Amino acid sequence: MSQETRFVQDIADQEDDFSRWYTDVVLKAELADYSPVRGCMVIRPYGFALWENMRDALDSRIKATGHVNAYFPLFIPESLLKKEAEHVEGFNPEVAWVTAAGDEDLEERLAIRPTSEVMILTMYSKWVQSWRDLPLLINQWANVVRWEKRTHMFLRTTEFLWQEGHTAHRTEQEAQEEVLRMLEVYRDFVETELAIPLVLGRKSESEKFAGAQATYTIEAMMGDGRALQAGTSHGFGQHFAEAFNISFLDMDGERRNAWTTSWGMTTRLIGALIMTHGDASGLILPPRVAPHQVVVIPIFRKDDEEERVREAINEITQRLAGQVRLHVDWSEHTPGWKFNEWELRGVPIRLEIGPRDVAAGQATVVRRDTREKQAVPLGELATRLPALLDDIQHALFERALAFRESRTHQISSIDELAAQIEQERGFFWAVWCGSAACETAVKTRTGATLRCLPLEGGDGVGPCLVCGQSGGKTAIFARAY
RNA sequence: CGGGGAUUAGCGCAGUCUGGCAGCGCGCCUGGUUUGGGACCAGGAGGUCGCCGGUUCGAAUCCGGCAUCCCCGACCA
């Protein structure tokens, strides 16, 4: 990249080494840092402010759909965890255990929750007696621990923060509606707030959650063409209700098992945000969740200039209070240094105020995504800035969507997939017969996994990309994080 | 968990092969000049050389173990 556009030299080149670029951005933008604990990171104040904005936007949507928040214990007694065989087997290798307190061994080991189905559904069995107790719609914001072999900042860490919703319903249809409703809530949240375009779909048998009857997913494409699962919604049928005895007397006097669901979204989304919108200069944050939406850079030479600039900035701050999240950088770095710094940290709009601007009664406004520069009269900032933030939000989505389209291909055979994915990563739509053997064949040969069976688009007409049989479904294959 | 690489000042690195005073650039502190795309001059501070042990008169350097990070794979959602 040329020197004119590449101002930041201390992060790796995106095309050259995407993985290194990602790590550099996370560290240099001060989103997170490594900790002395393997696989565990520290989310720094800037990263946490971002997470808080994301969390609040999702939380209000969860509440708007009738759910309430609660909090359940971090520890799960071993005997409880073992109640649902398929579930425990799925998570077993990743579970961390507490075996002692002080010098005394515990009588029963305690698992540190990898997820809370077991704990929450155990409580539900106490709370559900009648059909009138249903539906039960509870969400919790919590940390969970999964002992992953290989970790990566935000994308896969040993401990992470998330939201897990757990619901119980009277009928299968209600539960199914809930699973899809929350998938839609996720879509709205991710596309509206994070400006990340999604594909909604169902997971194959081999990819679904341990113990689930059906797993639905939202899949996003990262800047290197790889897929990232950004959230999931599971239907459990009556499977868990049987294991945990969540039964109720129905309207007709019959005792029945409830239908349960769960759905979750994690700090991994921060990784998705970075890898979807970032560029050669670093992070680009969507205005709706950016900790600072506008950063103000004062420019002056002499004391009298500083005085006038300060006055103008005070006036701007007052005028914009409550309208935009604004940060004034009064630090002693030079303006050029600040430009680079705040670009690296992804602030959507930079506002420069210097003597020339003050004299003209204007501010110089620069947007992060295009670097387009314009002079805006001070009196118009209160209307122009929110409009510009809106504009950037939409432009980011459109750009990400256009990128995904350019990397999405229809393919008809595994040979074609192998050849194309070697050239360039992306999403590959194909017809798949539904057999696990063909799914495995694709993974072994191409490194791509079956991301989902999309809910929209794809008619499933044609021969399976591996075995050639007809009567299959449309599936999306991609290399994934 | 397997293979490879790394760990030296806040950050990036040289020094390790061939054992002998702890170095460079950036950053940081003080003073001054500066400030519209990573300013300049002068002075200064900052190190258990990742940790534990061994060899040696002497270890950043050689040997053994461990920890953390990165890359590739296996595993996992």
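These numbers come from a predicted model, not from an experiment. Just so we're on the same page: letters track the sequence lines, and every chain starts at 1.
- Among B/U68, B/A39, B/G73, the nucleotide with an atom closest to any side-chain atom of A/Thr334 is B/A39.
- Rounded to a whole Å, the CG atom of A/Asn340 is 13 Å from the P atom of B/G27.
- Of the candidates B/G38, B/C76, B/U35, B/C76 carries the atom nearest the A/Glu94 side chain, counting heavy atoms from C-beta on.
- Nucleotide B/C1 forms a Watson-Crick or G-U wobble pair with B/G73, both donor-acceptor distances falling under 3.5 Å.
- For A/Glu148 and B/A74, the CD to P distance is 15 Å, given to the nearest whole Å.
- The gap from the C1' atom of B/G20 to that of B/G32 amounts to 43 Å, rounded to the nearest Å.
- Residue A/Lys203 is in base contact, counting any heavy-atom pair closer than 4.0 Å across all strands shown.
- Comparing the same atom, P, in B/U16 and in B/G23 gives a spacing of 15 Å after rounding to whole Å.
- Comparing the same atom, C1', in B/A59 and in B/G19 gives a spacing of 6 Å after rounding to whole Å.
- To the nearest angstrom, P of B/U33 lies 10 Å from CG of A/Asp303.
- The side chain of A/Arg156 lies closest to B/A77, out of B/C71, B/C28, B/A77.
- As judged by a 4.0 angstrom heavy-atom cut-off over every strand, A/Pro298 is placed among residues making no nucleic acid contact.
- Within the structure, every side-chain polar atom (N or O) of A/Arg301 is placed at least 4.0 Å from both OP1 and OP2 of B/U34.
- As rounded to whole Å, 16 Å separates atom P of B/G10 from atom CG of A/Leu27.
- In terms of modelled atom types and a separation under 3.5 Å, the side chain of A/Arg146 and the main chain of A/Arg156 share no donor-acceptor contact.
- If you check B/U68 for Watson-Crick or wobble pairing at under 3.5 angstrom, you find it paired to B/A6.
- A side-chain donor-acceptor contact under 3.5 Å links A/Glu178 and A/Trp263.
- B/U18: no Watson-Crick or G-U partner with both key distances under 3.5 Å is found in any strand.
- As a whole-Å value, the separation of A/Leu155 CG from B/C75 C1' is 17 Å.
- Here, B/A9 and B/A22 have their C1' atoms 10 Å apart, quoted to the whole Å.
- In this structure, B/G47 makes no Watson-Crick or G-U wobble pair, since no nucleotide meets both defining distances under 3.5 angstrom.
- Side-chain contact annotation: A/Asp59 with A/Gln163, donor-acceptor N/O pair under 3.5 Å absent.
- When heavy atoms are screened at a 4.0 angstrom cut-off, A/Phe300 is found touching base atoms of the nucleic acid.
- If you check B/A77, B/C71, B/C28 against the side chain of A/His333, the one that comes closest is B/C28.
- The residue A/Thr364 sits close to a base: some heavy atom pair falls under 4.0 Å.
- For the pair A/Asp33 CG and B/U68 C1', the computed distance is 13 Å after rounding to whole Å.
- Considering only side-chain N and O atoms, A/Arg356 lies nowhere under 4.0 angstrom from the phosphate OP1 or OP2 of B/G36.
- Pair assignment for B/G31 gives B/C41, based on Watson-Crick or G-U wobble hydrogen-bonding distances that are each under 3.5 Å.
- Side-chain proximity of A/Lys149 to B/G38, B/C71, B/C75: nearest is B/C75.
- Taking atom CZ on A/Arg479 and atom P on B/C72, their separation rounds to 11 Å, with Å as the unit.
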### Task
Determine, step by step, whether A/Arg113 and A/Thr115 satisfy the side chain to side chain donor-acceptor pair (under 3.5 Å) criterion, reporting the C-alpha distance in whole Å, the side-chain angles of both residues, the deciding distance to 0.1 Å, and the verdict.
CA-CA 5 Å; A/Arg113 64 181 163 215; A/Thr115 179; over 6 Å; no
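- Of all nucleotides listed (B/A77, B/G37, B/C71), B/A77 comes nearest to the side chain of A/Thr449.
- Residue contacts shown for A/Gly231 are absent, as no nucleic acid heavy atom lies under 4.0 Å away.
- Within 4.0 Å (heavy atoms only), A/His234 reaches no atom of the nucleic acid at all.
- Between A/Arg150 and B/C72 there is a side-chain polar atom (N or O) within less than 4.0 angstrom of OP1 or OP2.
- A/Tyr481 has no side-chain polar atom (N or O) that falls below the 4.0 Å cut-off from OP1 or OP2 of B/A77.
- If you check every strand for non-hydrogen atoms under 4.0 Å, A/Arg146 touches sugar and phosphate atoms only.
- A/Glu332 has its CD atom 13 Å from the P atom of B/U33, to the nearest Å.
- Comparing the same atom, C1', in B/C17 and in B/A77 gives a spacing of 46 Å after rounding to whole Å.
- Taking atom C1' on both nucleotides, B/U61 is separated from B/G50 by 16 Å, rounded to a whole Å.
- Nearer the 5' end of RNA chain B, as judged by each residue's closest nucleotide, is the contact made by A/Arg350, out of A/Arg350 and A/Ser206.
- Between B/C57 and B/C62, the two C1' atoms lie 16 Å apart (nearest whole Å).
- The gap from the C1' atom of B/U8 to that of B/A60 amounts to 7 Å, rounded to the nearest Å.
- For the residue pair A/His234/A/Thr215, the side-chain donor-acceptor check at 3.5 Å is satisfied.
- Taking the six-membered ring wherever Trp is involved, the centroid distance between the rings of A/His166 and A/Tyr124 does not fall below 6.0 Å.
- Pair assignment for B/G23: B/C13, on the basis of Watson-Crick or G-U wobble contacts that are both within less than 3.5 Å.
- Not a single donor-acceptor pair under 3.5 Å links the side chain of A/Arg44 to the backbone N or O of A/Ala32.
- For the pair A/Glu207 and A/Val358, both in contact range of RNA chain B, the more 5′-proximal nearest nucleotide belongs to A/Val358.
- Residue A/Thr276 holds its OG1 atom at 10.5 Å from CZ of A/Arg404, rounded to the nearest 0.5 Å.
- Contact annotation: the side chain of A/Tyr22 approaches that of A/Phe154 to within less than 4.5 Å [non-hydrogen atoms, C-beta and beyond].
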